[in-house]
Every structure is written in structure tokens, then in C-alpha cells.
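For reference, the structure discussed in these notes is given below.
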Amino acid sequence: MSPVTGTVSAEQAGRRVEEILDRLAADGDERACAAAEELVRVLMDFYGAGLARTVELLARPPDAEPAEGRPPVPLAGLLGDELVSSLLVLHDLHPEDVPTRIARALRGVRHSLESAGYDESTGVLRLRLTGSTGCGCPSTQEVARQAAVEALGCFAPEVTAVELHPVTREPALLQIGAGPPGGGSAAGRAPATAT
């Protein structure tokens with residue numbers, strides 16, 4: 001561990017991984033050893049992709065000054081990236097709170113959704129449709145819910161379930177004409193007019 005930062009060096013981590021893999025191999029369980037080696041490869045690929053994306057995002061020229069209440073531009077790019085954001089959340093390093101990350105995830109969903117409440121104790125997020133979902137049929141609504149679930153997996157994995165509540169719509173207004181076609185009224189009276 002580095003005495004300055006309190007972090008493990010790459011060399012120390014590599015040695016520790018090798019020791020653990022050697023212990024598994026010594027036990028003689030080839031399947032467990034192969035699974036552990038695969039796990040190490042998958043994690044290395046995941047972290048390597050996250051670091052590569054971090055470098056790529058930091059190398060981009062800054063767009064402009066950050067708006068009030070928003071993170072600085074390089075950090076905003078990192079927080080808006082699914083891969084980097086998921087790494088930050090995984091290690092409890094993400095600077096945004098859960099509701100902010102939920103809102104960020106929902107902005108990336110092509111369906112018009114808004115949060116109708118999040119219960120931290122159960123992990124249940126209630127969403128409301130705010131716009132048209134095509135035909136309004138249950139399968140279309142399920143597509144919108146599933147899109148939200150996928151986006152939330154990267155930005156807010158604390159959300160364990162998503163409930164979708166359709167928009168309650170006001171009944172359609174009926175247009176009442178001034179009278180029957182032809183300009184006259186059925187009883188010989190002048191047509192009613194709105195005042």
C-alpha cells in the first residue's frame with residue numbers, strides 16, 4: 001500500500017492475485033481455478049475499458065463553462081458515461097446522489113418518463129409516462145419500462161425494481177356544433193351560440 005495515498009500499487013495487486021490463483025491451483029480443483037482466472041480476465045477487461053474511456057473523455061476539448069449546479073465539463077463527461085459512471089458507483093466514488101443519477105439515466109431514455117418517487121428502503125422506483133408511447137398498449141409501455149431499467153443499471157444500480165404508472169388522462173372534450181348542417185335548427189330556432 002502506498003504510504004502517501006493509502007492505495008495498493010499495481011505490483012502489489014498483481015502479486016496478490018497470483019498468490020490467490022496459486023492457492024486455488026494447489027487445491028487441485030481445476031474448474032475453480034479456471035473460473036477464478038476467467039473472473040480476473042473479465043474484471044481486467046472491465047477496468048481497462050473504464051480507464052480507456054476515462055482517458056478518452058478527459059482528452060476531449062471542454063465545451064464551455066459549466067452551468068450553475070452542474071459539474072465541471074471534464075467531470076460532467078465522465079459522470080454521463082455509462083461505463084465510467086458504473087465504475088464510480090461500484091466503488092462508492094460517484095459524486096452525485098441517487099436521485100440525481102436516476103434523473104441522468106432517465107434523460108438518456110428515448111421514452112418520456114419522469115420519476116414519481118424512489119423508495120430507498122426497498123429500491124423501488126416509480127415512473128410515470130409523460131408523453132405518448134405510441135398505441136398505449138401494454139407491450140409498448142413494457143418497452144419503455146425496460147429501457148429505463150437498462151439505463152438505471154449503469155447510473156443507479158441501487159434501483160432494484162421499476163414500476164411504471166401510465167399517465168392519467170383527462171377525458172376528451174366533445175365538440176358540439178352550432179346546429180345541423182345547412183344552417184337551420186331542427187325546431188326552427190336559431191342555433192345556440194357560446195357566450
Side-chain angles (χ1 to χ4, degrees), residues 5-8 10 13-14 17 35-134 136-167:
T5 63
T7 58
V8 176
V17 168
E37 287 177 2
E38 181 180 2
L39 176 63
V40 169
R41 278 192 300 277
V42 168
L43 287 174
M44 292 296 293
D45 289 346
F46 179 63
Y47 282 99
L51 289 172
R53 183 74 54 82
T54 302
V55 170
E56 174 191 328
L57 292 170
L58 288 173
R60 290 183 183 167
D63 297 335
E65 289 297 314
E68 188 174 326
R70 302 191 81 192
V73 175
L75 184 57
L78 295 175
L79 299 181
D81 184 82
E82 291 182 2
L83 179 60
V84 175
S85 186
S86 64
L87 285 170
L88 293 171
V89 169
L90 180 66
H91 290 285
D92 200 24
L93 297 171
H94 206 293
E96 296 175 335
D97 61 8
V98 175
T100 303
R101 290 186 280 116
I102 288 171
R104 181 184 291 278
L106 295 179
R107 280 193 302 270
V109 175
R110 69 179 182 96
H111 302 280
S112 299
L113 299 167
E114 69 180 8
S115 175
Y118 171 63
D119 184 344
E120 285 189 38
S121 64
T122 62
V124 175
L125 174 65
R126 290 180 314 285
L127 296 176
R128 185 175 26 251
L129 291 167
T130 59
S132 173
T133 57
C137 58
S139 63
T140 305
Q141 293 176 12
E142 178 56 25
V143 168
R145 190 192 75 77
Q146 189 58 40
V149 167
E150 290 172 12
L152 290 161
C154 294
F155 292 105
E158 297 89 345
V159 175
T160 58
V162 174
E163 295 175 357
L164 185 63
H165 300 283
V167 173

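Scope of the values below: all heavy atoms of this structure, side chains included, with no hydrogens, waters or symmetry mates.
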**Q.** Charged N-O contact under 4.0 Å between E142 and R145
**A.**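 Judged by the 4.0 Å cut-off on N to carboxylate O distance, E142 and R145 do form a salt bridge.
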State, to 0.1 Å, how close [X] and [Y] come at their nearest heavy-atom pair, and which atoms those are.
X	Y	value
R104	G80	NH1-CA, 3.3 Å
S86	F46	OG-CZ, 3.9 Å
S115	L125	OG-CD1, 3.6 Å
L127	A148	CD1-CB, 3.6 Å

Q | Partner set under side-chain contact (heavy atoms from CB on, under 4.5 Å) for T160, not counting sequence neighbours | A |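 Testing T160 for side-chain contact (heavy atoms from CB on, under 4.5 Å), a comparison that skips the adjacent residues, returns none.
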Q. Which is it for E114 and L106 under the side chain to side chain contact (heavy atoms under 4.5 Å, CB included) test, yes or no, and what are the steps along the way?
A. CA-CA 7 Å; E114 69 180 8; L106 295 179; 5.9 Å; no
**Q.** Side chain to side chain, V98 and E120, heavy atoms closer than 4.5 Å
**A.**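 The answer is no, as the side chains (C-beta and beyond) never meet within the 4.5 Å cut-off.
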Q | Validation row: T54, L87 side chains within 4.5 angstrom (heavy atoms) | A |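 No, too far: nothing below the 4.5 Å cut-off.
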Kindly list each side-chain donor-acceptor pair under 3.5 angstrom involving residues 149-158, sequence neighbours excluded, with atom names and distances?
unit_1	atom_1	unit_2	atom_2	d
E158	OE1	R101	NH1	3.1
E158	OE2	R101	NH1	3.4
E158	OE2	R101	NH2	2.8

Q) Rounded to the nearest 0.5 Å, how far apart are CZ of R126 and CG of L164? A)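 It is 12.5 Å, given to the nearest 0.5 Å.
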